[in-house]
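Reminder, nothing fancy here: chain letters follow the sequence lines and each chain counts from 1.
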Amino acid sequence: MIDRRLITNFDWTLLALVLAACALGVVNIYSASASYAPAGTPFYIKQLYWILVGLLLIVVVCSLDYHLFEDVAYWLYGILCLLLVVVLVVGKTSMGATRWLHLGFFSIQPSEPMKIVAIMTLARFFTNYATVGGLTLKDLLYPVLFLGAPALLIMKQPDLGTAILVILIAGSMMAYLGIRLSALVTCVLAAIPAVYISWSYYLRDYQKNRILDFLDPERDPLGSGYHIIQSKIAVGSGGVLGKGFMRGTQSQLRFLPEQHTDFAFSVFAEEWGFIGCLLLLVLYLLIILWGLHIARRCNDRFGSLMAVGVTAMLFWHIVINIGMVIGIFPVVGVPLPLFSYGGTSMITSMIGIGILLNISMRRFMF
Amino acid sequence: MTDHRFVRESQEPKKQIILLSLFAAAVFFLLLTRLWYLQIVKAENFQNLSENNRLRLVPVAASRGTIFDRNGKVLVSNRPSFSVAMIPQEVRDRETFFSRLAQYLNIDRQELVDKWEKGKGRARYYPVVLASDITRDQMELLEEKRLWLPGLEVEMKPIREYEDGMLASHLLGYIGEISDDELKNPAYNGYNLGDYVGKSGIERSWENILRGKDGGRQIEVDARGRVLRTISETPPVVGSSLVLTIDTDLQKRAEQSFGEQAGAAVAMDVNSGEILAFVSNPGFDPALFAGRMPPDKWKSYLEDKRHPLENKALKGQYPPGSTFKVITALAGLGEGLIDERSTVVCTGSYTLGKNTFRCWDKKGHGAVNLKRALKQSCDVYFYQLGERLGIDRIAAYARKFDLGAPMGVGLENEKGGNIPTSEWKLKKYGRSWYQGDTLPAAIGQGYVLMTPIQLASMIATVANDGTVYRPHLVKRIIDQDGKVLQEFKPEIIARTGISQRDFELVKQGLFAVVNEPGGTGAMARLYEVKVAGKTGTSQVVKMRDNRGSIPYQYRDHALFVAFAPYDKPEIAVAVVIEHGEHGGAAAAPIAGNILRAYFEGKGVLRKPVKAPAATDDGEQSDSAAPQAGDAATNNNQGQE
């Protein structure tokens, strides 16, 4: 199975970019959680473990031919949809949301793998679905049905962030295939009642509040409005050069309860300033462009579609997270990939990276 | 596998990749522009906010809802109190801070440090409460010394006030600081360390209703912690109030009549299931739990053999003893095995196989019919009836009364008692049911267990000829202005389907228990109102003799259930006196007292001028050694 050419063609550039982002992440978590005194292993050490687990996953994912994913895509999709239903029925409620499924000794959160599986499913669907001159409205119907079900189930959990991500990823993949202008206009028009219905029936009060708080941060100065105001102060007070490593007064004063997870970027921005942010954003942009480059180089349709999907997943995570931290998006609880503390996010991102590397190194196989 | 080779029908996707790349770059550029704006254009602005001035959050605690009795009397309210908090980020020298504060408050320094350590890991701008409910003098002293204690904050917080001290303490429950386990529990989502939550009783079970929503102020302070301006404010929302079904006067009289005795009593409206009195004696002082509990007091609660912290009315599961004969009798009538003329000859004991089952009266009752069997609580009559019925038919009748499971009074952790069946025993012990198990069960011993709530519900159901209302404690939820938010109507949870004629026969027996010569419940008699009832004694351990010298914890429990008025029942009462020995002597007078208080409250009875005396004319002498039965006394005791 392992061909010599696979080793010689391994995409070291992408891996290096990814490890650079991870390293910055660990340094930042070290600073962000320095004023915590948690019992047991410090957060940054745990994050290193997660990175190691992620690298192992990359090896596993790379050792399989990605065409295997094409065969199993629909099966995985079916199983995950079923699990999402099961989660809603018997899942464990934590912090008001039902996302976890406890299977004896370990727990899974089916909405996370759904992001990757949604990419596989759509890629599989469009592989044998040739279109000329862009997707028409009819062409969009199946994928919308495909993804509407899991998106609604995830929104019901309620996990607004993941649901929005699934929709954005799918949208990006279809944009890659090209959408006819007429279809695009119809979609935008159809989105208006869909948003209205979501608002009225699917969103929980706290989610609505977060969006309203975003529009008017003074509305709830104690809740998420407070986060937005404080996050903006942290980012803004960083200035051009930042306050320096471990010197962020806002973040060291722990004004944010989730500063090492969802708000990790605001700590980074305070300590490293505009220059640091610029560097990090350039790093991320390189990863994104490289992902798209892999998609372009790939000579089979399934592979390039998957590459676009995975890249889109990373892209939207980055944009929504940073946008939220700097106050241009509502707080929806989306981590910054490869950077925020957390095992789930790290594993999903690393599997995605593994898929990209996989596609990249098998580009000469045809 | 399908053919994966990419059919290049056009160059479209290549063009799309370039477009997508441009799009991604544009979005990143947009993010950068925003960062430029925040970090370069507005940097000075934010730096001022972050370095010279700080935004601080001052929580404003919400008041819990008030708890009223059925007549609108306040049972639990709030009073203002002052608590001391520190804002970790503003304390410069922690050591001196704690030492000084300990000195001013006269509290052990370690206690303050412990409180602070519990608050570690939270936002440093967030106040950590170090001492609650300080006195006014202490507060004034602290205000005086404030300059030497930077980072100190004195907060005004509403605190619970229990109007009648220990009255109905088990029912009302108490509040306390949220525990670590509770904080981890998703049910307590939205609570913070140092918040007060209901820990037991109504305070706990109705926490969501009673708890309001904390508000807060966002203020800007300077580097010295002085308030510059309030940026925004969210006012606290007062919790909703509860109107209970309890009648304070009745509750008071009921508790008083227990004296030092341990036990429980439940009084219920026969026609609605509303609980009018809910006693678990001895009680405790709920106010001690919210503040600082003196260690010796805590120790005395724990060491008291009468278990003052245990809610006996809700969680006490007692063998119902002879009060259960009501169920056995109804089963016998319903199944057509007996009628009012059927008689059994009681010789003082009954032999089944190798075992001999004794009647509490060793001399024997002679020939007894249903009415006499109830009146004198003859065990042999019910042994024989039980044997003919079999356990499963008895259990089926008990189930008609909805016994054997919690009744849903609206308090957490209500116990369900136990109604054994043959299947139950097989499942629980892996052994089949023997007839020898049925006989004790028929007289409410052995595996049968009931809570005081179930006892009251059972007798109320007999009184109203077969409707089982859900016993409940909360009448309505109201808001601050008295507007009704929710009303709890009487809820019928079961209808027994037993004929009125059968109830009539049993009730005649219960009337005789209290009112006829030889009845075991004479001490519950009221002359102005007709009372019917049933005594019970429930064995704690099997013991033969030496009654006088049995240690307290091995003595039998005394029970009494009653309803009144006989002709048109309004109120049902169940009383359990732990280790009180004889239902007729220990429990019946208390039931009588509660009924008396109820009818006095209604103006039916006149209140006694001086020491009241519900004396009775002695019918039967106290039995020497009832093994599993009742005894009545003929002492002319004054009550209360």
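- B/R34 contributes a side-chain N or O that, together with a main-chain N or O of A/I326, makes up a donor-acceptor pair within less than 3.5 Å.
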Can you give me every donor-acceptor pair (side chain of residues 23-32 of chain B, partner residue at least two apart or in another chain, under 3.5 Å) with its distance?
none

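- Shown here are the side chain to side chain contact (heavy atoms under 4.5 Å, CB included) partners of B/S81, two or more places apart in sequence or in another chain: B/R79, B/D133, B/K157, B/I159.
- Proximity to chain B (any heavy atom under 4.5 Å) is shown, for A/L278, by both the backbone and the side chain.
- Nearest heavy atom pair, residue A/A175 against residue B/L20, reads CB-CD2, 4.4 Å.
- Contacts between residues 305-316 of chain A and chain B, counted as heavy-atom pairs separated by less than 4.5 Å, involve A/V308, A/F315, A/W316.
- To the nearest 0.5 Å, the span separating CD1 on A/I275 from CG on B/L35 amounts to 11.5 Å.
- Atoms OG and CG, on A/S266 and B/L38 in that order, are 11.0 Å from each other to the nearest 0.5 Å.
- Nearest heavy atoms, A/G239 versus B/A43: CA-CB, 4.0 Å.
- Not a single donor-acceptor pair under 3.5 Å links the side chain of B/Q39 to the backbone N or O of A/G236.
- Atom CD of B/Q16 sits about 13.5 Å away from atom CZ of A/R296, to the nearest 0.5 Å.
- Here B/K199 pairs with B/Y174, B/S179, B/E182, B/V197 under the side chain to side chain contact (heavy atoms under 4.5 Å, CB included) rule; sequence neighbours left out.
- Residue B/E412 qualifies as enclosed at atom CD: its count of foreign heavy atoms under 6.0 Å is above 12.
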